[in-house]
A.B. asks: 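Sharing a structure with you now.
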Amino acid sequence: MTGERYGRTWEIRLPWAKPPASANDRDHWRVKARKVADIREAAERGLLSTGTSWLDCQRIAVDLTYVPRDNRRRDPDNLVVPLFKALCDGIVDAGIVPDDTPAYMVRSMPQILPPDGDPRLILTIREVL
């Protein structure tokens with residue numbers, strides 16, 4: 001994302017204190033499908049609840065930040081699939097951009113920050129100018 005210029009920024013606090021799904025999960029396909037659907041719906045609901053008119057966004061940059069409750073070792077790769085992918089799909093479901101391809105959406109590797117007493121997941125969306 002070097003060289004990109006950004007306009008408006010939105011931060012959406014997601015409804016979970018810890019990731020609801022991880023690449024390490026070994027769920028039955030039906031359980032995994034339900035989790036992915038819930039994640040997509042939460043992203044869509046969170047975006048639509050901002051009351052923002054997204055219609056003029058041609059391209060966006062999306063970041064996921066996780067602030068855990070403790071200092072255990074965590075791998076940001078485990079946040080990519082299915083969590084971050086499902087969140088990006090939820091952005092498309094909300095009609096923010098027509099697709100999650102690089103032409104419309106730039107993604108960064110999820111970040112894991114040190115704990116600060118308030119465990120949370122934050123989805124940040126920036127308008128790419």
Side-chain angles (χ1 to χ4, degrees):
M1 289 194 304
T2 59
E4 302 278 8
R5 289 182 342 126
Y6 302 106
R8 298 170 292 175
T9 298
W10 300 270
E11 278 193 1
I12 292 101
R13 184 175 180 142
L14 298 169
W16 310 286
K18 66 178 191 168
S22 164
N24 289 330
D25 292 345
R26 299 292 177 250
D27 294 327
H28 184 274
W29 67 266
R30 230 181 249 167
V31 172
K32 180 182 177 188
R34 182 73 256 160
K35 283 182 181 180
V36 167
D38 289 346
I39 293 166
R40 287 176 75 149
E41 184 179 309
E44 181 179 11
R45 197 173 44 247
L47 291 164
L48 295 177
S49 73
T50 65
T52 302
S53 172
W54 302 89
L55 298 177
D56 56 343
C57 284
Q58 302 299 311
R59 192 163 184 240
I60 59 173
V62 183
D63 300 301
L64 176 63
T65 304
Y66 175 36
V67 181
R69 64 180 172 80
D70 58 37
N71 275 320
R72 287 185 303 139
R73 290 186 328 164
R74 290 175 173 85
D75 184 354
D77 290 339
N78 292 329
L79 298 174
V80 176
V81 175
L83 179 60
F84 194 36
K85 176 164 182 14
L87 290 168
C88 291
D89 289 340
I91 292 168
V92 173
D93 295 344
I96 310 308
V97 289
D99 201 356
D100 61 352
T101 61
Y104 301 104
M105 187 181 297
V106 179
R107 302 180 219 199
S108 299
M109 178 62 111
Q111 270 189 20
I112 300 176
L113 300 180
D116 63 5
D118 181 20
R120 63 197 177 279
L121 285 151
I122 302 288
L123 185 64
T124 303
I125 299 173
R126 291 174 288 162
E127 178 182 30
V128 177
L129 301 176

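Throughout, numbering of the chain's residues begins at 1 and tracks the sequence.
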A.B. asks: Which pair of heavy atoms, one from Pro76 and one from Pro110, lies closest together, and at what distance?
C.D. replies: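 Where Pro76 meets Pro110 most closely, the heavy atoms are CB-O, 3.4 Å.
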A.B. asks: Do Phe84 and Ile112 share a hydrophobic cluster, counting only Ile, Leu, Val, Met, Phe, Trp and Tyr and linking them when any side-chain heavy atoms are less than 4.5 Å apart?
C.D. replies: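 Yes; tracing contacts between hydrophobic side chains, which count when under 4.5 Å, links both residues.
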A.B. asks: Salt bridge check, Arg126 against Glu4: does any charged N sit closer than 4.0 Å to a carboxylate O?
C.D. replies: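 Looking at Glu4 and Arg126, the cut-off is not met.
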A.B. asks: Does a side-chain heavy-atom distance below 4.5 Å link Met105 with Val128?
C.D. replies: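 Heavy-atom side-chain distance check fails, nothing below 4.5 Å.
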A.B. asks: Output the distance between atom CG (Leu129) and atom OH (Tyr6), rounded to the nearest 0.5 Å.
C.D. replies: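 Leu129 atom CG to Tyr6 atom OH measures 10.0 Å (nearest 0.5 Å).
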A.B. asks: Looking at every heavy atom in both Pro68 and Pro115, which two are closest together, and how far apart are they?
C.D. replies: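 Scanning both residues, the minimum pair turns out to be O-CB, 3.2 Å.
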A.B. asks: Please say which of Arg59, Arg8, Gln58, Arg5 ends up in a side chain to side chain donor-acceptor pair (under 3.5 Å) with Glu127.
C.D. replies: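 In the set Arg59, Arg8, Gln58, Arg5, the residue that makes a side chain to side chain donor-acceptor pair (under 3.5 Å) with Glu127 is Arg8.
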A.B. asks: Which heavy atom in Arg40 sits nearest to a heavy atom in Ala86, and how many Å separate them?
C.D. replies: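 Answer, listing the atom of Arg40 first, then Ala86: CG-O, 3.2 Å.
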A.B. asks: Are Val62 and Asp100 packed together at the side-chain level, in the sense that at least one heavy-atom pair is separated by less than 4.5 angstrom?
C.D. replies: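 They are not in side-chain contact.
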A.B. asks: Are Ile91 and Tyr66 joined in one hydrophobic group, where the rule is that I, L, V, M, F, W and Y side chains link up if heavy atoms are under 4.5 Å apart?
C.D. replies: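 Yes, Ile91 connects to Tyr66 through the hydrophobic network.
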A.B. asks: What about Val67 and Ile125, same hydrophobic cluster or not, with Ile/Leu/Val/Met/Phe/Trp/Tyr joined at side-chain heavy-atom distances under 4.5 Å?
C.D. replies: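 Unlinked, Val67 and Ile125 end up in two clusters.
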A.B. asks: Please confirm whether the backbone N or O of Lys18 pairs with a side-chain atom of Arg69, one donor and one acceptor, at under 3.5 Å?
C.D. replies: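 No; judged by distance alone, with no hydrogens or angles, the pair does not exist.
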A.B. asks: Quiz question: by atom type and distance under 3.5 Å, do the side chains of Ser108 and Asp63 form a donor-acceptor pair?
C.D. replies: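 Judged by distance alone, the side chains do pair up.
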A.B. asks: Taking the side chain as C-beta and beyond, is there a heavy-atom pair between Pro98 and Tyr104 under 4.5 Å?
C.D. replies: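 They are in side-chain contact.
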A.B. asks: Just verifying a value: how many Å separate Ile96 CD1 and Leu47 CG, rounded to the nearest 0.5 Å?
C.D. replies: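 One finds 5.0 Å between CD1 of Ile96 and CG of Leu47.
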A.B. asks: Any non-hydrogen side-chain atom of Leu14 less than 4.5 Å from a side-chain atom of Leu87?
C.D. replies: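 Contact flag for Leu14/Leu87 side chains = yes.
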A.B. asks: When hydrophobic residues are tied together by side-chain contacts of less than 4.5 Å, even through go-betweens, does Leu121 share a cluster with Trp10?
C.D. replies: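 Yes.
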A.B. asks: Ala17 and Pro119: which non-hydrogen atoms are nearest, and at how many Å?
C.D. replies: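 Minimum heavy-atom contact is O-CB, 3.6 Å.
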A.B. asks: Mind checking whether Asp89 and Ile39 have side chains closer than 4.5 Å, heavy atoms only?
C.D. replies: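 In short, these two side chains do not touch, never coming nearer than 4.5 Å.
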A.B. asks: Nearest 0.5 Å, please: how far is CG in Asn78 from CG in Asn24?
C.D. replies: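 It comes to 4.0 Å.
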A.B. asks: Please check if the side chain of Arg120 supplies one atom and the backbone of Asp118 the other of a donor-acceptor pair under 3.5 Å.
C.D. replies: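 Yes, the answer is positive, given that a donor and an acceptor are paired below the 3.5 Å cut-off.
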A.B. asks: Would the distance check show the side chain of Arg74 and the main-chain N or O of Arg72 forming a donor-acceptor pair, the cut-off being under 3.5 Å?
C.D. replies: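 Between the backbone of Arg72 and the side chain of Arg74 there is a qualifying donor-acceptor contact (under 3.5 Å).
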A.B. asks: Would you give the length of the straight line joining atom CG of Asp99 to atom SG of Cys88, rounded to the nearest 0.5 angstrom?
C.D. replies: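 The distance works out to 11.0 Å.
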A.B. asks: Do Leu123 and Val97 belong together in a cluster built from hydrophobic side chains that touch within less than 4.5 Å?
C.D. replies: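 Linked within one cluster.
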A.B. asks: Measure the spacing between CD1 of Ile60 and CZ of Arg107 and express it to the nearest 0.5 Å.
C.D. replies: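 Output value for this atom pair is 9.5 Å.
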A.B. asks: About how many Å separate OG1 of Thr65 and CZ of Arg13, when rounded to the nearest 0.5 Å?
C.D. replies: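 Interatomic distance, Arg13 CZ to Thr65 OG1, rounded to 0.5 Å: 12.0 Å.
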A.B. asks: Mind checking whether Ser49 and Ile12 have side chains closer than 4.5 Å, heavy atoms only?
C.D. replies: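 No, side chains not in contact.
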